[in-house]
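Below, chain A is the first sequence line, B the second, and so on; all start at residue 1.
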2 protein chains.
Amino acid sequence: MDALSDAQQKLMPEMSELLKKRYQILQTINLEQPIGRRTLSEVAGATEREIRKETDLLRNQQLIEMKTAGMTVTSQGLEVLEKLKVFVREMSGLTDMEKQLQTILKISKVVILPQDSDEIPAVKTHIGKEAARLLEALFIRHKKIAVTGGSTMAAISKELSISKPDRALQFIAARGGLGEDVLHQANTIAAAFAEKTGGSFKTLYLPDHLSAEAFAMMMKEPVIKEMMDLYDQTDVVVHGIGNAEEMAVRRHSSLEEVEKIRSGGAVSEAFGYYFDKDGKIVYRIRTAGIQLEQVQKASTILAVAGGGSKARAILSYFKNAPKPTVLVTDEGAARKILGLTKKLEEL
Amino acid sequence: MDALSDAQQKLMPEMSELLKKRYQILQTINLEQPIGRRTLSEVAGATEREIRKETDLLRNQQLIEMKTAGMTVTSQGLEVLEKLKVFVREMSGLTDMEKQLQTILKISKVVILPQDSDEIPAVKTHIGKEAARLLEALFIRHKKIAVTGGSTMAAISKELSISKPDRALQFIAARGGLGEDVLHQANTIAAAFAEKTGGSFKTLYLPDHLSAEAFAMMMKEPVIKEMMDLYDQTDVVVHGIGNAEEMAVRRHSSLEEVEKIRSGGAVSEAFGYYFDKDGKIVYRIRTAGIQLEQVQKASTILAVAGGGSKARAILSYFKNAPKPTVLVTDEGAARKILGLTKKLEEL
DNA sequence: TTCTATTGGGACAAAAAACGTCCAGCTAGA
DNA sequence: TCTAGCTGGACGTTTTTTGTCCCAATAGAA
């Protein structure tokens with residue numbers, strides 16, 4: 001923050017919030033366009049009246065256009081969005097928080113997006129877009145990419161948009177069906193990534209909850225074995241981080257599993273591994289899929305998770321996460337993580 | 001104006017006015033401190049409520065302090081004032097206008113201060129302060145300074161504040177008593193300048209409206225002659241510009257004089273000379289005092305006049321003003337001058 | 001083509017904020 | 001000691017903002 005805007009804020013303290021709010025609205029319109037007043041008010045977490053007031057202003061400023069199909073951002077609007085990007089980040093203190101989190105979580109990079117995806121659904125799209133941009137930059141040097149499932153991963157796939165298709169890209173489903181919603185399964189996500197980028201994908205289909213013998217047998221199957229080899233060659237891993245209990249429920253885990261997860265004090269989940277508050281592995285779903293050791297061998301790992309509700313899980317997972325991990329998260333999660341660590345320090 | 005603030009203004013159009021308003025209030029407090037709510041509202045041209053709202057905010061921001069004696073600017077406030085100075089000027093388009101006026105009036109420099117002194121009394125103080133600063137810079141190289149009378153000149157004297165007294169400075173009253181209010185006579189002003197700077201002053205006392213013979217006789221008197229010689233050695237001239245008719249009335253001019261002034265189409269007045277709209281001399285008060293030729297010989301001339309009502313007079317005087325003149329004026333006058341010249345061009 | 005979901009704009013009462021305008025009590029300086 | 005000028009509090013009135021409908025138009029699906 002330069003001296004000028006510092007002085008500006010002294011003289012106009014209301015400016016800060018106002019600017020952030022309008023910027024966020026403009027950005028959301030940009031991502032969801034064409035979008036109407038009502039839909040926007042839901043997705044941006046504001047009342048219809050407020051959205052209306054602000055969009056009327058944005059239109060007067062010729063930053064957006066209103067057609068019968070909905071509101072769209074003009075070229076001028078895009079320009080403003082671009083010019084103020086860094087400024088809004090600085091002003092919200094996001095740059096500062098990124099540095100702090102980087103130190104606390106002991107990883108190479110942290111990217112924080114404004115607001116809280118728990119409160120404002122559109123923030124998920126922002127996270128997806130940012131992760132997509134980061135991932136696209138990796139495509140140049142890395143071609144073998146393992147992906148997990150989850151709604152966050154789905155958000156990334158929606159935002160991928162590569163300039164020219166790259167047939168060399170290979171997306172590998174990091175896990176088999178884990179009882180999740182089909183749309184959010186790793187297999188589906190891998191396919192989506194491939195479709196968006198022009199690459200190919202490899203899926204892993206294995207029924208859940210196999211007996212030990214059946215599992216051992218399957219592992220000898222060539223189709224499955226091939227996947228295991230691919231995991232060894234993985235350059236990049238893209239994954240979400242879940243809340244342990246939430247994931248257990250979503251996966252319709254057996255009572256036995258749930259008991260293990262609960263008694264072990266699991267907090268977070270990633271690639272089918274459950275971690276406690278100190279990052280120790282409490283339980284792992286016995287199924288084929290990428291192994292933690294294989295993840296650690298990857299040159300870059302992209303962890304994506306946002307929302308205040310994910311704060312504990314993120315903190316837990318990163319106790320023992322690989323150094324070359326890049327975390328993409330949001331302000332809600334970031335603030336809570338900082339709050340939690342501060343509390344711990346005080347004790 | 002850089003791209004960032006440009007984008008900021010696109011997103012927050014109300015910012016511009018708000019910032020200007022608060023800046024002006026803060027600046028006025030700075031100049032008139034300690035000052036109370038009511039006095040400030042009068043001098044700044046705003047309602048008491050509005051002033052109260054803004055000053056409450058400024059206090060919360062710790063830019064001003066409120067004591068029983070009145071409001072004062074804190075060191076933080078001063079800092080803000082300093083940091084935003086250039087920015088507010090740019091934003092109001094004053095820098096642009098200065099360049100335009102410089103070309104139109106064909107002089108070396110123009111300084112425009114925000115707002116209109118006709119509407120807001122405090123602006124006169126701003127003009128005075130700015131002129132004082134410019135004048136002080138000249139003191140280093142120039143020691144013989146001729147000054148005229150008028151309320152604007154009085155405002156300058158109030159704002160003079162030199163770091164260390166300079167006994168070498170000599171202030172010369174450019175004219176004798178011209179029937180004006182004693183406080184605003186050139187003699188009084190010269191004395192005030194001298195007092196503030198530690199210099200000396202020379203006054204010229206001559207009754208108004210002398211007969212031709214008496215006048216000739218007086219000019220031979222040593223005291224008077226000495227003044228005439230001083231005018232020849234003058235380095236710097238500081239003067240105001242008046243509206244012709246207004247000045248004639250204020251000086252209780254004779255009917256004969258008024259007739260000459262009116263029939264000649266006089267618009268402006270300076271050093272006792274009356275000029276028509278083309279800058280031609282229409283009439284001059286026959287009295288001792290600095291001659292136009294002597295003014296033209298000075299190395300720097302500081303002309304000070306503000307307020308929309310002075311626009312025509314300024315335009316008139318500068319038709320034939322010396323090149324090395326620096327004009328200090330306000331936004332009100334500047335805008336009107338630009339408006340008038342635009343109208344003329346269209347015809 | 002028709003139907004349906006969604007759009008921007010209009011409208012309006014209720015709630016909230018801003019405003020104009022006093023007064024009381026205090027304090028610094030004449 | 002007195003007075004002018006200051007701040008802070010108060011309050012009815014006006015203005016603005018807010019929440020919440022409805023409506024005609026339209027785009028896109030069927």
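- Between C/dC19 and B/Thr47, no contact under 4.0 Å exists linking OP1 or OP2 to a side-chain N or O.
- One atom, CD of A/Glu65, and another, C1' of C/dT7, lie 15 Å apart when rounded to the nearest Å.
- Between B/Ile35 and B/Arg49, the residue anchored nearer the 5' end of DNA chain D, judged by the nucleotide with its closest heavy atom, is B/Ile35.
- Between the CG atom of B/Asp56 and the P atom of D/dT7 there is a distance of 10 Å, given to the nearest Å.
- Of the N and O atoms on the side chains of B/Asn30 and B/Gln33, at least one donor lies less than 3.5 Å from an acceptor on the other residue.
- Nucleotide D/dT7 holds its P atom 8 Å from the CZ atom of B/Arg38, rounded to whole Å.
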From CA spacing to verdict: side-chain contact (heavy atoms from CB on, under 4.5 Å), A/Asp116, A/Glu331: CA-CA 6 Å; A/Asp116 189 325; A/Glu331 198 178 337; over 6 Å; no
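- Using a 4.0 Å cut-off between charged side-chain N and carboxylate O, B/Arg133 and B/Glu136 make a salt bridge.
- One atom, CD of B/Glu50, and another, C1' of C/dT21, lie 15 Å apart when rounded to the nearest Å.
- Listed for the B/Gln61 side chain is a donor-acceptor partner under 3.5 Å among the backbone atoms of A/Lys10.
- Summarising the geometry, the separation between CZ on A/Arg52 and C1' on C/dT7 is reported as 12 Å, rounded to the nearest angstrom.
- In the set D/dG5, C/dT6, D/dT7, the nucleotide with an atom closest to the side chain of A/Thr39 is C/dT6.
- Residue A/Lys21 qualifies as enclosed at atom NZ: its count of foreign heavy atoms under 6.0 Å is above 12.
- In this structure, CE of B/Met71 is placed 18 Å from P of C/dT27, rounded to the nearest angstrom.
- Among the protein residues, B/Arg59 comes within range of the sugar-phosphate backbone only, with heavy atoms under 4.0 Å from sugar or phosphate atoms but none that close to a base.
- In summary, the side chains of A/Asp118 and A/Ser309 do present a donor paired with an acceptor at a separation below 3.5 Å, with no hydrogens or angles considered.
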Using a cut-off of under 3.5 Å, enumerate the N/O to N/O pairs linking the protein to nucleotides 27-30 of chain D.
none

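- The separation between B/Glu48 atom CD and D/dC6 atom P is 11 Å, rounded to whole Å.
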Worked verdict on A/Gln115 versus A/Asp330 for side-chain contact (heavy atoms from CB on, under 4.5 Å): CA-CA 6 Å; A/Gln115 322 251 172; A/Asp330 62 22; over 6 Å; no
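- Checking the phosphate oxygens (OP1, OP2) of C/dC19, a side-chain nitrogen or oxygen of B/Lys53 falls inside 4.0 Å.
- A ring-centre distance under 6.0 Å is not found for A/Phe171 and A/Phe201.
- The closest side-chain donor-acceptor pair between B/Thr125 and B/Glu32 falls under 3.5 angstrom.
- Here D/dC6 presents its C1' atom at 15 Å from CD of B/Gln33, a figure rounded to the nearest Å.
- With axes fitted over five pairs at each extremity, the angle between the ends of the helix from C/dT1-D/dA30 to C/dA30-D/dT1 is 30° (10° resolution).
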